Amino acid sequence: MKSRDKGQPRICIITSPRPKAGIIPLSNLVDVLYSLSSYLYVITGNDAAEVLKERGYICGCSLTIRAQSNIIFEIIQYIFLQLRISYRVLSVINSVDMFVFFEGECLLLPLLVARILGKYTILSLAASVPNWVDSEKNPSLVFRMMKFLELCNYSLSHRIVLFSPQLIKDWHLEEYESKISIAHNHFLDLEEFGFGKGGAKREHLLGYIGRFGAEKGAMNLARSIPELQKHFCQGRFLIGGSGPLAENMIEAIGKDNLGSVSMPGWINHQDLPEYLKELRLLILPSYTEGLPNIMLEAMACGAVVLATPVGAISDYIKDNETGFLLQDNSPRCIIENAIRALESPELDRIADNARSLVEREFSYEVAVKSWQSALECIEG
């Protein structure tokens with residue numbers, strides 16, 4: 001990491017308590033901003049508290065929340081969470097110059113407290129309250145509340161940081177374009193995520209690794225597996241992860257088809273390279289994305305990626321060059337394009353191109369430089 005300069009800003013990173021899937025994105029941001037700050041404080045919680053434990057040199061605090069089955073309790077808990085984070089903001093207000101709300105688009109009260117007390121606020125978005133959800137067809141109180149909080153924070157923040165210019169359109173942020181910066185905190189250990197054997201030399205192992213959630217299109221993938229099994233008689237499938245749709249996915253795959261499907265549950269990050277070096281094709285049929293880490297990790301390990309062109313994905317996956325793109329994420333489209341990808345004579349070339357792109361674009365130095373530019377905009 002770069003040496004630290006006392007003239008650099010003092011920064012506080014704030015996130016809601018995060019699950020296991022949120023550890024790596026936060027961990028990367030902490031490492032990037034540590035080298036760009038003279039003092040760094042982190043407010044997070046739940047599984048992401050691991051980031052603080054692993055970095056004893058980072059100041060911070062961890063808050064815990066529990067899943068609630070009752071929507072009223074969930075709303076009350078979220079209000080109290082905002083109060084608890086606001087209290088922590090007040091406790092460090094004289095020690096920092098700016099607050100970075102990472103995936104904190106709905107943390108209105110803490111952001112408002114920071115603004116009232118004259119501190120710079122940066123909203124770093126890795127996702128948005130899903131625009132693919134039609135709020136008129138799904139008029140849930142939680143959805144409407146989260147969308148309201150999100151829009152308030154867009155207006156109140158001094159700066160909004162996105163992974164890609166494409167997200168301005170995808171997330172309907174055109175009216176905030178004058179205060180948007182493009183920066184990412186993605187970088188890989190390319191020794192840990194080493195390139196495996198060429199794609200054409202791998203078995204027909206297709207996979208998905210991630211959250212079993214509606215926004216990820218996981219059910220559409222599960223519904224495509226029976227048909228893919230008919231086409232690739234010797235093919236095998238890896239479905240790694242966890243989430244609310246796990247049982248539904250097993251039902252969609254069908255008990256008769258589970259023999260060729262491995263479902264190891266949540267895969268720890270240190271174990272990911274072992275799986276990715278065996279995969280021939282990683283399928284990401286998401287409805288909405290920012291810039292998925294698993295895509296970059298697969299590209300680094302030589303697994304070819306087939307994904308929907310949402311979020312920043314199409315900035316890096318070029319069809320038949322660095323991967324393959326889905327026209328949509330319907331089961332039929334997944335089936336047709338998985339066959340197209342696996343039967344391509346260009347798999348080795350595509351895998352090599354993808355690895356070269358990751359080496360070029362996703363080093364620690366590139367991530368630091370992009371965030372340095374974002375901070376210079378707000379300091380200016």
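The structure displayed is predicted, hence computed values, not measured ones.
With hydrogens and angles disregarded, a donor-acceptor distance shorter than 3.5 Å links the side chain of Gln77 to the backbone of Arg66. Side chain of Ser242 to backbone of Trp266: no donor-acceptor contact under 3.5 angstrom is found. A donor-acceptor contact shorter than 3.5 Å is absent between the side chain of Asn46 and the backbone of Pro17. In this structure, Gln68 contributes its side chain and Phe73 its backbone to no donor-acceptor pair below 3.5 Å. Side-chain atoms of His231 never come within 3.5 Å of backbone atoms of Ile339 as a donor-acceptor pair (strictly under, hydrogens ignored). Here the side chain of Arg84 pairs a donor or acceptor atom with the backbone of Thr64 at under 3.5 angstrom. Put simply, the side chain of Arg115 gets close to the backbone of Leu156: a donor and an acceptor are under 3.5 Å apart. Between the side chain of Asp271 and the backbone N or O of Ile267, no donor-acceptor pair lies under 3.5 Å. The closest donor-acceptor contact from the side chain of Gln327 to the backbone of Cys333 lies at 3.5 Å or more, if one exists at all. Panel note: side chain Asn337, backbone Leu326; no donor-acceptor pair is recorded below 3.5 Å.
Rounded to the nearest 0.5 Å, atoms CG (Leu357) and CG (Asp352) are 12.5 Å apart. Put simply, CZ on Arg10 and CG on Leu40 are 12.5 Å apart, with the number rounded to the nearest 0.5 Å. The structure places CE of Met249 at 7.5 Å from CE of Met219, a figure rounded to the nearest 0.5 Å. Distance check, rounded to the nearest 0.5 Å: CG of Leu33 to CD1 of Ile11 gives 5.0 Å. Rounding to the nearest 0.5 Å places CZ of Phe102 at 13.5 Å from CD1 of Ile14. To the nearest 0.5 Å, atoms OG (Ser27) and CG (Asn293) are separated by 10.0 Å.
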Checklist entry - Between Asn320 and Arg349, is a side chain to side chain contact (heavy atoms under 4.5 Å, CB included) present by the stated rule, with each step listed? => result CA-CA 9 Å; Asn320 207 40; Arg349 175 184 62 82; 4.0 Å; yes

Checklist entry - Hey, mind stepping through Gln229 and Ser260 against side-chain hydrogen bond (donor to acceptor under 3.5 Å, both in side chains) and telling me if it holds? => result CA-CA 8 Å; Gln229 284 178 319; Ser260 62; 2.3 Å; yes

Item to check | Verdict with reasoning, Thr288 to Val310, per side chain to side chain contact (heavy atoms under 4.5 Å, CB included) | outcome: CA-CA 6 Å; Thr288 182; Val310 294; 5.7 Å; no

Next on the checklist: Walk me through whether Tyr78 and Glu74 qualify under side-chain hydrogen bond (donor to acceptor under 3.5 Å, both in side chains).
Outcome noted: CA-CA 6 Å; Tyr78 200 74; Glu74 185 178 351; over 6 Å; no

Item to check | Criterion side chain to side chain contact (heavy atoms under 4.5 Å, CB included) on Asp31 and Phe187, from CA distance to verdict | outcome: CA-CA 10 Å; Asp31 289 342; Phe187 62 90; 3.9 Å; yes

Item to check | Derivation and outcome, side chain to side chain contact (heavy atoms under 4.5 Å, CB included), residues Glu361 and Leu296 | outcome: CA-CA 10 Å; Glu361 300 288 341; Leu296 304 176; over 6 Å; no

Next on the checklist: Could you walk me through whether Asn329 and Thr308 satisfy the side-chain hydrogen bond (donor to acceptor under 3.5 Å, both in side chains) test, starting with their C-alpha distance in whole Å, then the side-chain angles of each, then the deciding distance to 0.1 Å, before giving a yes or no?
Outcome noted: CA-CA 6 Å; Asn329 66 356; Thr308 42; 5.5 Å; no

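Phe80 and Leu108 fall within the same hydrophobic cluster, where Ile, Leu, Val, Met, Phe, Trp and Tyr residues are linked whenever their side-chain heavy atoms come under 4.5 Å apart, directly or through other members. Tyr87 and Val92 fall into different hydrophobic clusters, defined by Ile, Leu, Val, Met, Phe, Trp and Tyr side-chain heavy atoms under 4.5 Å apart, directly or through other members. Linking Ile, Leu, Val, Met, Phe, Trp and Tyr residues whenever their side-chain heavy atoms come within less than 4.5 Å leaves Tyr316 and Val366 in two separate clusters.
Counting only heavy atoms from C-beta outward, the side chains of Glu297 and Leu276 approach each other to under 4.5 Å. Within the 4.5 Å cutoff, side-chain heavy atoms of Ser157 are placed close to those of Lys179. Proximity of Ile160 to Asn153: side-chain heavy atoms (C-beta onward) are nowhere separated by under 4.5 Å. Residues Leu190 and Arg355 are in side-chain contact: their nearest non-hydrogen atoms beyond the backbone lie under 4.5 Å apart. With contacts defined as side-chain heavy-atom distances shorter than 4.5 Å, the pair Cys12/Tyr39 does not qualify. Contact check for Leu238 versus Pro264: side-chain heavy atoms found under the 4.5 Å cut-off. Side-chain atoms of Asn248 and Phe212, non-hydrogen and from C-beta on, never get closer than 4.5 Å to each other. Counting heavy atoms from C-beta on, the side chains of Lys318 and Asn353 never come closer than 4.5 Å.
Within a 6.0 Å sphere centred on CD of Glu247, heavy atoms belonging to other residues, nucleotides or ligands number 12 at most. In this structure, Glu191 places its CD atom where only 12 or fewer heavy-atom neighbours from other residues, nucleotides or ligands lie under 6.0 Å away.
Considering all non-hydrogen atoms of both residues, Arg340 and Phe324 come closest at NH1-CD2, 3.5 Å. Closest heavy-atom contact between Arg159 and Ser181: NE-OG, 2.9 Å. Leu347 and Leu342 get closest at one heavy-atom pair: CD1-O, 4.1 Å. The two residues Ile350 and Thr322 come nearest to each other via the heavy atoms CG2-C, 3.6 Å. When all heavy atoms of Phe195 and Ala351 are compared, the pair lying nearest together is CE1-O, 3.6 Å. Shortest non-hydrogen contact noted between Leu167 and Gly311 is CD2-CA, 3.1 Å.
Considering only residues two or more places apart in sequence or on other chains, Ser356 meets the side chain to side chain contact (heavy atoms under 4.5 Å, CB included) condition with Arg360. In terms of the salt bridge (Lys or Arg N to Asp or Glu O under 4.0 Å) criterion, residue partners of Glu103 (sequence neighbours excluded) are, by chain and number, Arg18.
With ring centers used as reference points, His158 lies 6.0 Å or more from Phe99.
The only option from Tyr364, Phe362, Phe163 that meets the ring pair (Phe, Tyr, Trp, His ring centres under 6.0 Å) definition with His184 turns out to be Phe362. Among Thr44, Leu63, Val42, Ile85, the single residue meeting the side chain to side chain contact (heavy atoms under 4.5 Å, CB included) criterion with Thr15 is Thr44. For the pairing with Leu26, the side chain to side chain contact (heavy atoms under 4.5 Å, CB included) check across Val30, Asn28, Ile24 returns one residue only, Val30.
Using a cutoff of 4.0 Å between basic side-chain nitrogens and carboxylate oxygens, Lys369 and Glu365 are not scored as salt-bridged.
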